[in-house]
Amino acid sequence: MEQAKVIDGRRPAAELRASIAARVEGLLAEGGKAPGLAAVLIGDDPASRVYAGQKEKACREVGFKFSFHDLPAEAGTGMLVDLLGGLSEDPDVHGILVEFPVPGHIDWATAVMAMSAEKDVDGVHPLNLGRLMMGLGTVVPCTPRGAMYLLKKYGIDPAGKRAVVLGRSNIVGKPMALLLQAADATVTVCHSRTTGLQSITREADIVVAAIGKPEYLKGPMVKPGCVVIDVGINQTERGLVGDVDHHGVSPVASWITPVPGGVGPMTTAMFLLNTLERYLALEGIQM
Ligand code: NDP
């Protein structure tokens, strides 16, 4: 049976990282300081620790300074506010990233306001999300930006297409829907209370799955020829899987992102790109 073409994220991510490394090398050679990314982790979520470690490695490889700020699980909103406020003032920090999930007892809406919107590398600050909603230039959250980058890279134009986004988180689903809409797709957002999901997904030319449910999207749920972007990262007994049943969907779809090796590497590359862009803006250097 014919299979969907694979939208590989590893190669474009590696190309992007190489171009960022070259730019940083040039900036350093001209006597500039290194872009600095500060990662904040609250508590001991093992997956978040792994993701922070991956970002540290990626930062060091392109010549960024990386600092890691570990808060205990019992840290309150005040501690996070103080930390984000301090990092926002630090001239050697150009990007700040808070690893999600943030523990439930933290008042995130309050804490995030303590972070400079100009240093917000994952586009989580209300000012940046608001600008995204208004279609103004802003810091675009890394995962949706990475997914859009892949669509463009593979010549898939969302204009005039029906797109369905599964998931409505502030970090993935909602910004993804806004970006697809800005790219002239007609967008439907589905969530855990959506009824008749299959009839909705079957109408889509592009489906983006970002729900955190292993292999949830099955072959019969997608329209033949549809483009499937799998954002999910789920650790299972069988290893890492996405939110899409890759083997069931691949014979139906025209394009599909793998997990691992699809959106994941692009997210990391976009953290680097967003940090570099924040650095250039803050240091007053042309893009
Ligand atoms: P959240 O848990 O914050 O949000 C999940 C969303 O999915 C919610 O809006 C929820 O609905 C919705 N949902 C849950 N079950 C269903 C269902 N059966 N049908 C339709 N919608 C459903 O997750 P994130 O957005 O942070 O992440 C989503 C996935 O993407 C996860 O697997 C995560 O690991 C992965 N991820 C991957 C990244 C990458 O780099 N590839 C980066 C970030 C995340 P409701 O709002 O009603 O609760």
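Counting starts at 1 for both ligands and their atoms, following the listed order.
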Engineer: I'd like to check whether S192 has a polar contact with ligand 1, where a contact means an N/O of the residue lying under 3.5 Å from an N/O of the ligand.
Structural biologist: yes

Engineer: Could you tell me whether E277 atom CD has more than 12 heavy atoms of other residues or ligands within 6.0 Å of it?
Structural biologist: yes

Engineer: Do any heavy atoms of Y216 fall under 4.0 Å from ligand 1?
Structural biologist: yes

Engineer: From the options P214, P265, G167, select the one whose nearest heavy atom is closest to atom 6 (C) of ligand 1.
Structural biologist: G167

Engineer: Would you check if V62 and R23 make a side-chain contact, meaning some heavy-atom pair closer than 4.5 Å?
Structural biologist: no

Engineer: Which protein heavy atom lies closest to atom 5 (C) of ligand 1, and at what distance to 0.1 Å?
Structural biologist: I211 O, 3.8 Å

Engineer: When you measure from the heavy atoms of A210 to every atom of ligand 1, does any distance fall below 4.0 Å?
Structural biologist: yes

Engineer: Under 3.5 Å, is there a donor on one side chain and an acceptor on the other for D122 and N274?
Structural biologist: no

Engineer: Which of the atoms of ligand 1 are close to I233, meaning less than 4.0 Å from one of its heavy atoms?
Structural biologist: 32 (O), 34 (O), 35 (C), 37 (C), 38 (C), 39 (C), 41 (N)

Engineer: N/O of V231 under 3.5 Å from N/O of ligand 1, yes or no?
Structural biologist: yes

Engineer: Any pair with a residue in residues 121-159 that passes ring-ring contact (aromatic ring centres under 6.0 Å, His included), sequence neighbours left out, goes on the list, sorted by first then second residue, please.
Structural biologist: Y154-W255

Engineer: Please report the interatomic distance CZ(R49) to CG(L41), rounded to the nearest 0.5 Å.
Structural biologist: 5.0 Å

Engineer: Tell me which part of M266 gets within contact of ligand 1: side chain, backbone, both or neither, using heavy atoms under 4.0 Å.
Structural biologist: neither

Engineer: Distance to 0.1 Å, residue and atom name: give those for the protein heavy atom nearest to atom 29 (C) of ligand 1.
Structural biologist: G212 N, 3.6 Å

Engineer: Have a look at V172, V259, T194 and point out the one with the heavy atom closest to atom 27 (O) of ligand 1.
Structural biologist: V172

Engineer: Of all the non-hydrogen atoms in the protein, which one sits nearest to atom 9 (O) of ligand 1, and at what distance?
Structural biologist: R168 N, 2.8 Å

Engineer: Do you reckon V164 sits in the same ILVMFWY cluster as L180, going by side-chain contacts under 4.5 Å, direct or chained?
Structural biologist: no

Engineer: Could you tell me whether the side chains of T267 and T143 share a donor-acceptor contact shorter than 3.5 Å?
Structural biologist: yes

Engineer: Is the closest side-chain heavy-atom distance between P141 and V124 below 4.5 Å?
Structural biologist: no

Engineer: For atom 42 (C) of ligand 1, what is the closest protein heavy atom, and at what distance to 0.1 Å?
Structural biologist: T143 OG1, 3.1 Å

Engineer: From atom 24 (P) of ligand 1, work out which of G242, A209, S169 has a heavy atom at the shortest distance.
Structural biologist: S169

Engineer: Which pair of non-hydrogen atoms, one from V252 and one from G219, has the smallest distance, and what is that distance?
Structural biologist: CG2-O, 4.0 Å

Engineer: Checking R202 now: which residues fulfil salt bridge (charged side-chain N to carboxylate O under 4.0 Å, His left out) with it, not counting sequence neighbours?
Structural biologist: none

Engineer: Taking only heavy atoms of T267, which atoms of ligand 1 are found under 4.0 Å from at least one of them?
Structural biologist: 39 (C), 40 (O)

Engineer: What do you think, any protein heavy atom under 4.0 angstrom from atom 2 (O) of ligand 1?
Structural biologist: no

Engineer: Please test E15 against K153 for salt bridge (charged side-chain N to carboxylate O under 4.0 Å, His left out), starting from the C-alpha separation and ending with a verdict.
Structural biologist: CA-CA 12 Å; E15 287 166 3; K153 187 89 188 165; 3.4 Å; yes

Engineer: Output the list of atoms in ligand 1 that are nearer than 4.0 Å to some heavy atom of I171, sorted by atom number.
Structural biologist: 26 (O)

Engineer: Give the residue and atom name of whichever protein heavy atom lies nearest to atom 19 (N) of ligand 1, and the separation in Å to one decimal.
Structural biologist: H191 O, 3.8 Å

